[in-house]
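The structure appears right after this line, and notes come after that.
Just follow the structure's listing: the first ligand is 1, and inside any ligand the first atom is 1. Quantities reported herein were computed from a predicted structural model and do not represent experimental measurements. Hydrogens, waters and symmetry mates play no part in the numbers below; they use all other heavy atoms, side chains included.
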Amino acid sequence: MGVLNVTPDSFSDGGRYLDPVAAIAHGRRLIAEGADVVDVGGESSRPGAEPVAEADELRRVLPVIEALAPEVRVSIDTVKPAVARAAVEAGATLVNDVSASPALAAIAAEQGVGYVVMHRRGDPKTMQIDPCYDDVVAEVAAFLVEHAERAAAAGVDEIWLDPGIGFAKTAAHNLSLLRHLDQLVALGYPVLVGTSRKAFLEGLLTASDGRSDPVPADDRVEGSLATATWAMVHGAAMIRVHDVRSSVQAAKVVAA
Ligand code: HH2
């Protein structure tokens, strides 16, 4: 799954693809590099992100989905029911819901498309304020199963689970979830993992100039690849990445 953020403020590629022409061109680059799915988002979900008005989000994502949907599977990364519905009508066939909301699952059911349930607590403004769990793996697993069963009962046929790396989690929580990914895979649903360029990698990496602190997002590619490879080896069925070419190469080697 290649990431395509049509936003001014995403943590890694914010502002690069706000213009639909640039966004469509980048989507085509992701397809050429081997993405099976392009995940189009018009609102950043990074910690501290400002909410986006529905009309603005629709204006950002719809032309991009209409252009790319005939060429690749498109998912819509949104927490707004109206945006999810319009995106599916424009050609998206997977609703990627970082808020695990019953309203979005209901739209996926009604429209006969797939649904990603991702774990997080709170919203972008609050989620990184002292996240705390007794047992992060067990609590995330229980949350995902509960929401997946609810989505199945609502009529969704294709359900993906995502631990929500970086959403209401410390670096140690993220690493625990990766370390025990097999426990999420054992729940019986396909698992999606998104670690790409995320902040928890900062403390593990050295900047390529040896000095930058913190390590900038686009200098976390090798760390991202290590975590993506780990996730694939431990059973993730899809990885959500900014760097499609290198991830596809890694996927081929893992598959072999
Ligand atoms: N991470 C981000 C956004 N959407 N969706 C799923 N299912 N899983 C993830 O891990 C995930 C996600 C955050 O990354 P990005 O889109 O690059 O940044 P931003 O939210 O700032 O646009």
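Of the possible polar contacts, none joining the Arg73 side chain to the Val37 backbone as a donor-acceptor pair under 3.5 Å is found. Checking side-chain atoms of Gln128 against main-chain N and O of Lys169 turns up a donor-acceptor pair under 3.5 Å.
Aromatic ring pairs are classed by plane angle as parallel below 30°, tilted from 30° to 60° and perpendicular above 60°; the pair Tyr17 and His26 is parallel.
The closest side-chain donor-acceptor pair between Asp243 and Ser246, if any, does not fall under 3.5 angstrom. Under 3.5 Å, the side chains of Asp219 and Ser208 contain a donor-acceptor pair of N or O atoms. There is a side-chain donor-acceptor pair under 3.5 Å between Thr170 and His173.
Between Phe11 and ligand 1, at least one pair of N/O atoms sits closer than 3.5 Å. For Glu43, no nitrogen or oxygen atom sits less than 3.5 Å from a nitrogen or oxygen atom of ligand 1, counting backbone and side chain alike. In terms of N/O distances under 3.5 Å, ligand 1 is not approached by Ser12. Here's the thing with Asn5: one of its N/O atoms is less than 3.5 angstrom from an N/O atom of ligand 1. On a distance-only criterion, Ser44 and ligand 1 share at least one N/O pair closer than 3.5 Å. Geometrically, ligand 1 and Asp13 share no nitrogen or oxygen pair separated by less than 3.5 Å. At under 3.5 Å, a nitrogen or oxygen of Asn96, whether backbone or side chain, sits near a nitrogen or oxygen of ligand 1.
Of all atoms in ligand 1, numbered sequentially from 1 with element shown, those under 4.0 Å from a heavy atom of Met118 are 6 (C), 8 (N), 9 (C). With ligand atoms numbered from 1 in the order given, ligand 1 contributes 7 (N) to contacts under 4.0 Å with heavy atoms of Leu192. Counting atoms of ligand 1 from 1 in the listed order, those under 4.0 Å from a heavy atom of Val98 are 4 (N), 5 (N), 12 (C).
Nearest heavy-atom pair, Ala103 versus Pro81, reported as atom, atom and distance to 0.1 Å: CB-CG, 3.9 Å. When all heavy atoms of Val83 and Leu58 are compared, the closest pair comes out as CA-CD2, 3.8 Å.
Regarding atom 6 (C) of ligand 1, its nearest protein heavy-atom neighbour is Asp162 OD2, 3.2 Å. The protein non-hydrogen atom at the shortest distance from atom 4 (N) of ligand 1 is Asp77 OD2, 2.8 Å. Protein heavy atom nearest atom 22 (O) of ligand 1, with residue, atom name and distance: Ser10 OG, 2.5 Å.
Atom CG of Asp157 sits in a sparse spot, with 12 or fewer heavy atoms from other residues, nucleotides or ligands closer than 6.0 Å. Heavy atoms of other residues, nucleotides or ligands lying less than 6.0 angstrom from CZ of Arg245 number 12 at most.
Nearest to atom 10 (O) of ligand 1 by heavy atom, out of Arg240, Arg46, His242, Lys198, is Lys198.
Within the 4.0 Å heavy-atom cutoff, Phe167 counts among the residues contacting ligand 1.
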